[in-house]
Amino acid sequence: MSKFILSPSILAADFTKLGESLRYIESKNASWVHIDVMDGSFVPNITFGQPVVAALRKISPLQFDVHLMIENPQLHIDSFAEAGADWITFHYEAAVHHHRIIQQIHALGKKAGISIVPSTPVSVLEDILPFVDLVLVMSVNPGFGGQTLIPRCVEKIAQLNELRMKNGYGFRLSVDGGINNKTIGMAVDAGADVIVSGSAFFSGTLDVDN
Ligand code: DX5
Ligand code: ZN
């Protein structure tokens, strides 16, 4: 396995102890934290918003990898940037003017990511790939932690990695959902270099030495 960035998802943390959870992440030598923002509309679950991001920003130097699973992401990007997000990833399926949103994120001095759910093919991203800093491949249907990785999604990572190499693109390739000791190898081998893990990381079962 080649080297990768681990981005633990606090969706699986104890919500009464988020500060301690960030310190736990730091103690495992991870430099990113994945923050899942859900709106109960794009996905069937609601998590947390800008006030929680802003509170955590005050106590942590981690890179905040904010995954917006929300409708109309363009309406909320400025406030997530202000709250302290470093990487802002929105869903292809939740927006129309993808290029404009990427420009909006860049104008705020932040890194821009785009994500696809398992039913969305890689081909729809081809025109936008030169402009993004990160592509997040959802390997479960978004909304909940603790689900099982859908193997077909690993093929999409390989497809994106091939496009990246062929065209010399600089985006990071992230995988999110169902990552554990059994699945991490195939994701990294396919080309993922940002590994999101919630339940396996916080249950202490993910081997994080990389
Ligand atoms: C799911 C979220 C994921 C989730 C991953 O909608 O986007 O980031 O926290 O959790 P695990 O690692 O438990 O599948
Ligand atoms: Zn996520």
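Start at 1 and go down the list; that is how both ligands and their atoms are numbered. Just so you know, these numbers use all the heavy atoms, side chains as well, and skip hydrogens, waters and symmetry mates.
- With hydrogens and angles ignored, the 3.5 Å screen pairs no side-chain donor or acceptor of T120 with any backbone N or O of I116.
- In this structure, H98 and Y92 have parallel ring planes: the angle between them is below the 30° cut-off, well short of the 60° mark.
- For residues 46-60, the set of pairs meeting the side-chain hydrogen bond (donor to acceptor under 3.5 Å, both in side chains) definition, not counting sequence neighbours, comprises E26-S60, Q50-S79, R57-D86.
- The main-chain N or O of M138 is never found under 3.5 Å from a side-chain atom of D176 such that the two would form a donor-acceptor pair.
- The Zn ion (ligand 2) lies closest to atom NE2 when only the N/O/S atoms of H34 are considered.
- Under 4.0 Å from any atom of ligand 1, one finds heavy atoms of residues S9, L11, H34, D36, M38, H67, M69, M138, P142, G143, F144, G145, G146, D176, G177, G178, V196, S197, G198, S199.
- Between N167 and P130, the closest side-chain pair of non-hydrogen atoms is not below 4.5 Å.
- Closest approach of G177 and S139 over heavy atoms only: O-OG, 2.7 Å.
- The N, O or S atom of H67 lying closest to the Zn ion (ligand 2) is ND1.
- Remark: at the Zn ion (ligand 2), atom OD2 from D176 and atom OD1 from D36 enclose 170°, rounded to the nearest 10 degrees.
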### Task
In sequence, state the C-alpha distance, the side-chain angles, and the governing distance for D78 and K110, and then conclude on salt bridge (charged side-chain N to carboxylate O under 4.0 Å, His left out).
CA-CA 10 Å; D78 292 28; K110 307 298 182 183; over 6 Å; no

